[in-house]
**Q** 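The structure follows.
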Amino acid sequence: MPSIAPALLAWYDREAADFPWRRTHDAYAVWLSEIMLQQTQVETVIPYYERFLAAFPTVQALADAPLDTVLKRWEGLGYYSRARNLHRAAQIVAQEMGGNFPSTADELEKLPGIGRYTAGAISSIAFGQRAPVLDGNVIRVFARLTDLNTEVTQNAVKMKLWTLAEDWLPAERAGDYNQALMELGRTVCKPRNPLCGICPIQAHCAAFTNGTQNERPVKAKKAPVPHYDVAAGVIWNDVGQLLIAQRPLKGLLGGLWEFPGGKQEQGETLPECLKRELREELAIEVEVEDLFTVVHHGFTHFKITLHAFMCRYRSGAPQKIGVHDWAWVSVNELDQYSFGKADREVIAALNARKTMLL
DNA sequence: AAAGCGGGGAG
DNA sequence: CTCCCAGCTTT
C-alpha cells in the first residue's frame, strides 16, 4: 500500500482544529492534554485543560500543590486515578528530573499514568520523535483501511495494529501525522456513519472499496451491566453542619468526597442499609428521616440508583474505618470539596431547597 | 439504553 | 501476561 502520510498531512494542514494544546510544544502542556484526553472527548477536555493550566502553570506548581487541590480541578472529568497519577508523575519530574520531561517514549512510559499510547503521543508531539500512537481513533481508521475482520479487542490484533502504526509512520512530522490520524478518526472516520465522501485517504481504504466501513472495527459484545441501589446520608448535626466523607484513595472515585453510605444488601431496607454502612465505615449512629432525593448514575461496569436520606446525627465520634477522612461542613463549604457527579446532584438538590426557603 | 474512550494493578 | 477495574458524554 502506498503511504497515506502525504495525503493525510496535507489534509491536516488544511483542516486541523485549533485546540489550545496545539498552540504549544511545551511537554508539560502536551502531557496534561494527553492525560485528560484519555477516555474523554475533546470538547469535554478543553475547559478543564484551560482551568487546570491556569491553576498549575508549570510542572513544579503541580508538584507543589496538595492532592485535594488537584482533585478539585479534576472534579467531573472522571477516572480520578488519572489525577492522582498526574500528581505523582509531576513530583517525579520536578524532584528527580529537574523539571524536564524525558523525550523518548521508553523513558516517558516509566512515569505513572503514561502507557504506550501516551508515551508515543508526548514524544512525537512535544519532542518530534518518531514514535507511533494507537488510540481508539487510530484503531478504527486502521481497521477500515485494512478491512480488518477480527475483533480489535484481542491482544494479538492490537499488536498487529501497533506494528502498522510503527511501519506507516513517516520519517518526518511524526507528531503531526499522529495527530492527523486521530483527528481523521474523530471528525471523518467516525464510529458511526463515517464521512467517506470527504476522506483524504479514501483511495487507500479497503473497507470503503468493499462497502464494509460500517462493520469496522469488529468489537466483542459487552456484557450487560448490573444495577445496585445505594443509600446515602445527608447527616445534620445540631449546629446545621453536614457530615461528608472522603473515599479511600484507591478504587472507584478514589479520593473524592461523598455523602456516606453504601450498597443495599439482600433483605434489608434502604434505611437499614444506611445505618449499617454508617456503623461499618464511620462508627456513628444516626436517625434516618425522610427520603430527600433519588439520583440515577452510570459507571463503567455497573449503574446505581442513589437514594439520599435526610439524617440526624445521634452519637459516636466519626472514625476513619472505611473512609480516608471525614469532615463536618456547612452547605456553603461543599463547593470546596471534590464530589462525583451523583453526589453533585444531591448538592444541587440541597441548593435548590435552600433557594426555595429563602 | 448503548457505545466510546487508555492505563494500572491484581492474579 | 491476562484479565479485571474504572466515570462521564454523546447518540
Side-chain angles (χ1 to χ4, degrees), chain A residues 31-49 71 73-89 92 105 108-122 131-141 143-144 151-159 161-162 165 178 181-183 185-187 189-194 214-228 230 247-258 295-306 338-345:
Chain A
W31 168 61
L32 176 64
S33 72
E34 287 301 337
I35 301 296
M36 286 189 166
L37 287 163
Q38 293 169 3
Q39 313 300 85
T40 311
Q41 305 292 326
V42 167
E43 287 74 14
T44 308
V45 165
I46 291 171
Y48 278 92
Y49 172 84
L71 281 172
R73 296 287 169 178
W74 204 271
E75 182 183 36
L77 204 52
Y79 283 99
Y80 297 91
S81 63
R82 291 184 296 172
R84 298 194 306 273
N85 287 330
L86 192 80
H87 191 229
R88 282 173 52 211
I92 293 170
L108 284 162
E109 202 171 337
K110 293 176 184 165
L111 290 168
I114 298 181
R116 191 171 176 186
Y117 162 77
T118 309
I122 299 172
V133 298
L134 189 75
D135 74 341
N137 291 306
V138 179
I139 288 172
R140 188 169 55 252
V141 171
R144 286 175 176 156
E151 276 181 15
V152 292
T153 45
Q154 293 174 15
N155 246 315
V157 177
K158 277 233 177 76
M159 292 308 294
L161 291 169
W162 270 110
N178 284 336
L181 265 182
M182 295 189 280
E183 179 109 341
R186 193 176 64 83
T187 62
C189 198
K190 300 188 295 180
R192 276 166 296 207
N193 306 317
N214 279 312
E215 298 154 45
R216 304 286 178 262
V218 178
K219 295 208 169 183
K221 271 212 156 185
K222 280 185 185 170
V225 297
H227 170 269
Y228 303 111
V230 172
R247 300 176 58 91
L249 296 187
K250 299 206 170 198
L252 184 76
L253 300 169
L256 269 68
W257 292 78
E258 66 176 4
V295 175
H296 299 275
H297 190 71
F299 294 97
T300 312
H301 276 69
F302 59 95
K303 47 195 171 184
I304 64 164
T305 303
L306 178 66
S338 325
F339 291 85
K341 281 273 168 179
D343 282 54
R344 271 288 159 213
E345 287 198 43

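Convention: sequence-line order gives letters A, B, ...; per-chain numbering from 1.
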**Q** Would you mind telling me which of dG6(B), dC8(C), dG8(B) lies closest to the side-chain atoms of His297(A)?
**A** dC8(C)

**Q** Taking dG9(B) as the reference, what is the distance to dC8(C) when you measure between their C1' atoms (whole Å, please)?
**A** 23 Å

**Q** dG9(B), dG6(B), dC5(B): which one has an atom nearest the side-chain heavy atoms of Thr118(A)?
**A** dG6(B)

**Q** Determine the contact category for Arg82(A): base if any of its heavy atoms lies under 4.0 Å from a base atom, sugar-phosphate if only primed atoms, P, OP1 or OP2 are that close, otherwise nothing.
**A** nothing

**Q** Just compare dC8(C), dC5(C), dC5(B) and give me whichever is closest to any side-chain atom of Tyr80(A).
**A** dC8(C)

**Q** Which one, dG7(C), dT9(C), dG7(B), comes nearest to the side chain of Tyr79(A)?
**A** dG7(C)

**Q** Provide the distance between the two C1' atoms, one in dT10(C) and one in dG7(B), to the nearest whole Å.
**A** 23 Å

**Q** With side-chain contact (heavy atoms from CB on, under 4.5 Å) as the test, would you mind laying out the steps for Trp74(A) and Leu86(A) before giving the verdict?
**A** CA-CA 11 Å; Trp74(A) 204 271; Leu86(A) 192 80; 3.8 Å; yes

**Q** What is the distance, rounded to the nearest whole Å, between atom CD1 of Ile35(A) and atom P of dG6(B)?
**A** 11 Å

**Q** Can you tell me the distance, in whole Å, between the CD atom of Glu345(A) and the P atom of dC8(C)?
**A** 10 Å

**Q** Kindly determine whether Asp343(A) and Trp257(A) satisfy side-chain contact (heavy atoms from CB on, under 4.5 Å), including the steps that lead there.
**A** CA-CA 9 Å; Asp343(A) 282 54; Trp257(A) 292 78; over 6 Å; no

**Q** Using atom CG of Leu252(A) as one end and atom C1' of dG7(B) as the other, report the distance to the nearest whole Å.
**A** 16 Å

**Q** From the options dG9(B), dG7(B), dA6(C), select the nucleotide whose nearest atom is closest to the side chain of Phe302(A).
**A** dA6(C)

**Q** If you define the side chain from C-beta out and look only at heavy atoms, does anything of Val157(A) sit under 4.5 Å from Glu151(A)?
**A** no

**Q** Answer with yes or no whether Tyr117(A) presents, from its side chain, a donor or acceptor under 3.5 Å of a partner atom in the base of dG6(B).
**A** no

**Q** Which listed nucleotide (dG7(C), dG9(B), dG6(B)) is nearest to the side chain of Leu253(A)?
**A** dG7(C)

**Q** Nearest 0.5 Å, what's the CZ-CD distance between Arg186(A) and Glu43(A)?
**A** 5.5 Å

**Q** Just the rounded figure in Å: distance from P of dC5(B) to CD1 of Ile139(A).
**A** 8 Å

**Q** What is the distance from CG of Asn155(A) to C1' of dC3(C), rounded to the nearest Å?
**A** 10 Å

**Q** Are the ring centres of His301(A) and Phe299(A) closer than 6.0 Å?
**A** no

**Q** Just to be sure I understand the rule, does Arg186(A) reach a base, reach only the sugar-phosphate, or reach nothing, if contact means heavy atoms closer than 4.0 Å?
**A** nothing

**Q** Gly254(A) near the nucleic acid: base, sugar-phosphate alone, or nothing, with a heavy-atom cut-off under 4.0 Å?
**A** nothing

**Q** Does a side-chain N or O from Lys303(A) land closer than 4.0 Å to OP1 or OP2 of dG7(C), or not?
**A** no

**Q** Please report, rounded to the nearest Å, how far the P atom of dG7(C) is from the CD atom of Gln39(A).
**A** 10 Å

**Q** Distance check, P atoms only: dG8(B) and dT9(C), in whole angstrom units.
**A** 23 Å

**Q** Please pick, from dT9(C), dG7(B), dA3(B), the nucleotide with the shortest atom-to-atom distance to any side-chain atom of Arg192(A).
**A** dA3(B)

**Q** Answer yes or no: does atom CZ of Arg73(A) have more than 12 heavy-atom neighbours from other residues, nucleotides or ligands under 6.0 Å?
**A** no

**Q** Starting at CD1 of Ile304(A) and ending at P of dA6(C), how long is that distance when rounded to a whole Å?
**A** 12 Å

**Q** Using the side-chain heavy atoms of Lys219(A), tell me which of these nucleotides is nearest: dG4(B), dG9(B), dG7(C).
**A** dG4(B)

**Q** Choose from dA6(C), dG7(C), dG6(B) the nucleotide whose nearest atom is closest to any side-chain atom of Asp135(A).
**A** dG6(B)

**Q** Over how many whole Å does the gap from Glu183(A) atom CD to dC5(B) atom P extend?
**A** 14 Å

**Q** Please tell me which of Gly113(A) and Gln41(A) maps to the more 5' nucleotide of DNA chain B, matching each residue to the nucleotide holding its nearest heavy atom.
**A** Gln41(A)

